Amino acid sequence: TTTIRYVVAGSGGCSNDTATRTVTVTAAPVAGTLSGTQNICSNGTTTLSSTSAGGSWSSDDETIATINASTGVVTPVASGTATMTYTVTGTGGCSNATETRSVTVTDAVHAGSLSGTQGICVSGTTTFTTSGDEGGSWSSVNTAIATVDASTGEITGVAAGTTTIRYVVAGSGGCSNDTATRTVTV
């Protein structure tokens, strides 16, 4: 705070005349630097944060993701991208300060449940199928008992015994892989 003076010089025996007014200079608000995971899975959450305290969060598209105004916790609603804004309110004539960070929501992958004949002979075959997402990869826990074609799910008996067949769908965009299993007995 400082005082501003306006002085009119007097003349002809008249004194100077002075008027004063105080001025308060307020520091501009700073929204800081934002951080936090920008790619999240539809079944998870993330928390955004700022190096400046005292602001509030908002989402430009709450049909994609919402954000808690005070904690910065982002909750996905649907797949897509939304922009999160952190606003620190200006005072004393200063404008608000804002920073933004985009968040992309990706649908979770589903390996589903596996089906198919679980008993085969040595050198015989069976094919497992899934009710889940396509494009996953098949594998056998014990290839000395049975092998499986990684893309088709066709199983071939190698030796007597039981092994587990896995179907894995790779996650992306912050989503984890999802795995389904089913045993086969040769």
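Model, not experiment: these values are computed from the prediction.
To the nearest 0.5 angstrom, S58 atom OG is 12.0 Å from N68 atom CG. For the atom pair CG of N39 and OG1 of T106, the computed distance is 6.0 Å after rounding to the nearest 0.5 Å. Here OH of Y167 is found 14.0 Å from OG1 of T181. Values are rounded to the nearest 0.5 Å. Between atom CH2 of residue W138 and atom CZ of residue F128 there is a gap of 7.5 Å, rounded to the nearest 0.5 Å. Note: T85 OG1 to R101 CZ = 13.0 Å, rounded to the nearest 0.5 Å.
N96 places a side-chain N or O within donor-acceptor distance of the main-chain N or O of G90, the cut-off being under 3.5 Å. In terms of modelled atom types and a separation under 3.5 Å, the side chain of D133 and the main chain of A111 share no donor-acceptor contact. A distance-only check finds a donor-acceptor pair linking the side chain of Y86 to the backbone of S52 [under 3.5 Å]. Under a 3.5 Å cut-off, the side chain of T51 and the backbone N or O of T33 do form a donor-acceptor pair. A distance-only check finds no donor-acceptor pair linking the side chain of E99 to the backbone of L34 [under 3.5 Å]. The backbone N or O of G132 sits less than 3.5 Å from a side-chain atom of T130, completing a donor-acceptor pair.
Under the 4.5 Å side-chain contact rule for hydrophobic residues, V122 and V184 share a cluster.
T104 and T81 share a donor-acceptor pair across their side chains, judged by distance under 3.5 Å alone. T185 and T162 form a side-chain donor-acceptor contact under 3.5 Å, judged by distance and modelled atom types alone. Looking at T83 and T100, their side chains never bring a donor and an acceptor atom within 3.5 Å of each other. Judged purely by distance below 3.5 Å, without hydrogens or angles, the side chains of S35 and S49 pair a donor atom with an acceptor atom. A donor-acceptor contact closer than 3.5 angstrom is absent between the side chains of N16 and T18. Judged purely by distance below 3.5 Å, without hydrogens or angles, the side chains of T129 and S115 pair a donor atom with an acceptor atom.
Closest approach of P29 and S95 over heavy atoms only: CG-O, 3.1 Å. In plain terms, the two heavy atoms of A65 and S59 that are nearest each other are O-OG, 2.8 Å. Contact detail for I120 and G124: the closest heavy-atom pair is CD1-O, 3.6 Å. A180 and G112 get closest at one heavy-atom pair: CB-O, 3.3 Å. In plain terms, the two heavy atoms of S42 and V105 that are nearest each other are CA-CG1, 4.0 Å. G116 and R182 make their closest contact through O-NH2, 2.9 Å (heavy atoms, listed as atom of the first residue, atom of the second, distance).
Side-chain contact check for T127 versus I155: every heavy-atom pair is 4.5 Å or farther apart. For the pair S102 and M84, the minimum side-chain heavy-atom distance is 4.5 Å or more. Inter-residue side-chain proximity for I40 and T45 is flagged as unmet; no heavy-atom pair is nearer than 4.5 Å. A heavy-atom distance below 4.5 Å is not found between the side chains of H110 and V169. W57 is listed as a side-chain neighbour of L48, based on a closest heavy-atom distance under 4.5 Å. Residues I67 and V73 are not in side-chain contact: their nearest non-hydrogen atoms beyond the backbone lie 4.5 Å or more apart.
Screening I145, V158, T147 for a side chain to side chain contact (heavy atoms under 4.5 Å, CB included) with T163, the sole residue that qualifies is I145.
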